[in-house]
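Reviewing the structure listed below.
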Amino acid sequence: MTSFGSFLRQLVRDVWSQKLRTFLTVFGIIWGTVAVALLLAVGEGVHRRQTKSFAGLGDRIVIAWPSRTSLPFEGLGKGRRIRVDETDIEFLKKRVGGLAEISSEYAQNLRATFGDRARLVDVSGVSPIFGEMRNMVPAEGGRFINPTDMDQRRRVVFVGNELAEDLFGEIDPVGEKVMLQGSPFLVIGVLQAKEQDSSYSGRDHSKMIIPSSTFQALTGQRYVDLFIYKAATPDRNKALTERVLAALGERKRFDPGDTQALGIWDTTDMFVWFDTFMLAFKLFMGFMGILTLTVGGIGVSNIMNVVVEERTREIGIKMALGAKSRTVLSQFLLETFIFTAIGGIIGLTLTWGFCAAVAGTPAEDAIGTPVLSPQIALLTAGVLGLVGFLAGYFPARQASRLDPVVAMKL
Amino acid sequence: MNWPLKKKNNGDGNSNGHIIEMLGITKVYDTGKIQVEALKGIDLVVDKGEFVAVVGPSGSGKSTLLNLVGCLDTPSGGTYMLGGEAVAGLDRDQLADVRNRRVGFVFQNFNLLPQLTALENVEMPMLFGGMGRRERRRRAKEHLDRVGLGDRVEHRPTELSGGQMQRVAIARALAMEPDIVLADEPTGNLDTGSGSDVMSLMTELWGQGRTLVVVTHDKTLASRAGRVVEIRDGVVVTDERAVA
Ligand SMILES: Nc1ncnc2c1ncn2[C@@H]1O[C@H](COP(=O)(O)OP(=O)(O)OP(=O)(O)O)[C@@H](O)[C@H]1O
Ligand SMILES: [Mg+2]
């Protein structure tokens, strides 16, 4: 189509001839997009990082450690020791409804040697599910304990990252043999470094984890030091704990209301505060985002207004030469659309590039990895585009409705 | 008040040969506080093929009148028939068509688009007229040749002299081969040399049978016209035809 071709050619010519104006318009949209998208991306990054380090201990698990009774029960005196073994854990698995995950944990201080280095190490014997529950992610090239390790009582060990450095130095620990209590253990994985705000028996980065079956065989320990469990959703943890206490109380004969017989730490409680804080944080970021978007929108609309003002004379001349209003308007609209699209794409690319650049730098430790959510990015570009479009459209339409002489004199 | 004589020059086409017929045209500029009555009832009838010079002191309403003739502005009162058709009855698109096909306008300050070359400026009305690219180029070149700017087609307005810009503007006004050419002080910004070039161009156009209405302060240019209309304070005070 000749006329559409000419139309485009003319558009390109008009746009190109006003490089500064074009640049300012596009720059305004880029600036707005980057400001909003980056703010929200950093906010999301901080949020995720906080959540991750807060969940370093595990995501909303309940920790239970058998202890001594503090209340008399059915003729039995207080101060009685409650012991839990693997059969009791199996019993809980079968009898307590709503128990999604459970793992026993046996812990001892054992002597570990590698070459000429020897250390006294916190060693835990656990089930395979423990890794997921306690947020123990293996670094690349390694794995956590699996059910086969458990069934065959393999002598395999998962090592905390700081301990691994201390013990193995430059050597990649995975595949190496380490001696535990005189028995050789194959290192199957190293803990991926993680933030951990709280703990119940030392930090994970300095521990060794082995299958509980192997642990029992190695040490002869029969009773668990503690066990951890969780319901399918965090809000059901409280009720679940009551059922665990009731079931175990009946089996071990202690008062379910005895707060000492089975020590309970429901980490969901900490999350309540944390979630409130994070909600406030998110609201704050959302508010800042809207504010930034508004400021960006005002900027873009101002630029558009100036552009129309500058071009009113041109619009007048074109109409004096016989251009119809819609011809003038559609050129303007297409221009606005192209500016917005280009500005938005560049803005989002810059933001994305920044997010990628932060990953792997020291800044990441402080603010986490900024996460550019595609929805937010598109929304930002869309809102700014719409603002620019409307800010340009209405004055342009007004100009195109004037008598040519009036437009030319403005 | 002098009533224009209803004598045909070389008029044909319309039933009565009047290509421009204004009756009691008024124009009030409303600038908020003050209302300026620029035209206070103008009667002007122009026949096809006439060359009318509009003269008068500054601020008398000449440009205002010419803009109304060219449908670039809307009168506040009165009736205006262009080629036998009431302009008030036309919608915006029809008006755009009139400006595009029937009228060629030469502005005092040229009003060229600075970002476009001479050729593209001349192409502009043909673009709006929906003419194909090839045809546009060919015609634009032809028109620029005619005004003696065949060697300046790729120049931008800033790279041209005042006289050259005015000639580009004239080429643009002629691009759609309009039957009416309106010029607002076409020699006003030009030196004597360029001025007389433009003047000869005007006379030539008249010779080709076009209808010309030219606002001018220039006595020489006015003397070349077949008819001189003088305006003062928004009314026509004299309307004289030269004896042919
Ligand atoms: N846009 C406008 N708003 C208000 N008043 C205007 C406007 N345009 C013109 N006028 C007034 O209308 C009157 C006629 O103006 P016009 O431009 O028609 O004069 P002119 O005869 O062309 O003068 P000149 O020879 O100086 O060009 C003047 O008093 C002028 O101040
Ligand atoms: Mg004037």
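Below, chains carry the letters A, B, ... as their sequence lines are ordered, and counting in each starts from 1. We use all heavy atoms of the structure for the numbers below, so side chains are in, but hydrogens, waters and symmetry mates are not.
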### Query
Would you say A:Phe281 has more than 12 foreign heavy atoms packed within less than 6.0 Å of its CZ?
yes
### Query
chain A heavy atoms under 4.5 Å from B:Glu120: which part of the residue, side chain, backbone, both or neither?
side chain
### Task
With side chain to side chain contact (heavy atoms under 4.5 Å, CB included) as the test, would you mind laying out the steps for B:Val147 and B:His143 before giving the verdict?
CA-CA 7 Å; B:Val147 297; B:His143 283 293; over 6 Å; no
### Message
With no hydrogens and no angle check, just 3.5 Å: does a side-chain donor-acceptor pair link B:Thr64 and B:Tyr29?
### Response
yes
### Summary
Whatever's closer than 4.5 Å to a heavy atom in chain A on B:Arg101 counts as neither
#### Entry: Side-chain donor/acceptor of B:Thr216 to backbone N/O of B:Leu221, under 3.5 Å
no
### Message
Can a donor-acceptor pair be found, under 3.5 Å and without considering hydrogens, that links the side chain of B:Arg136 to the backbone of B:Met126?
### Response
no
### Summary
Ranked by heavy-atom pairs below 4.5 Å to chain A, first place among B:Asn67, B:Asp93, B:Val103, B:Leu112 goes to B:Asp93
#### Entry: Top contributor to chain A interface from B:Leu95, B:Asn111, B:Asp97 [non-hydrogen pairs under 4.5 Å]
B:Asn111
#### Entry: chain A interface, residue from B:Leu72, B:Thr74, B:Asn100 that has the most non-hydrogen pairs under 4.5 Å
B:Leu72
### Summary
Given A:Lys324, A:Met319, A:Arg401, the one with more heavy-atom pairs under 4.5 angstrom with chain B than any other is A:Lys324
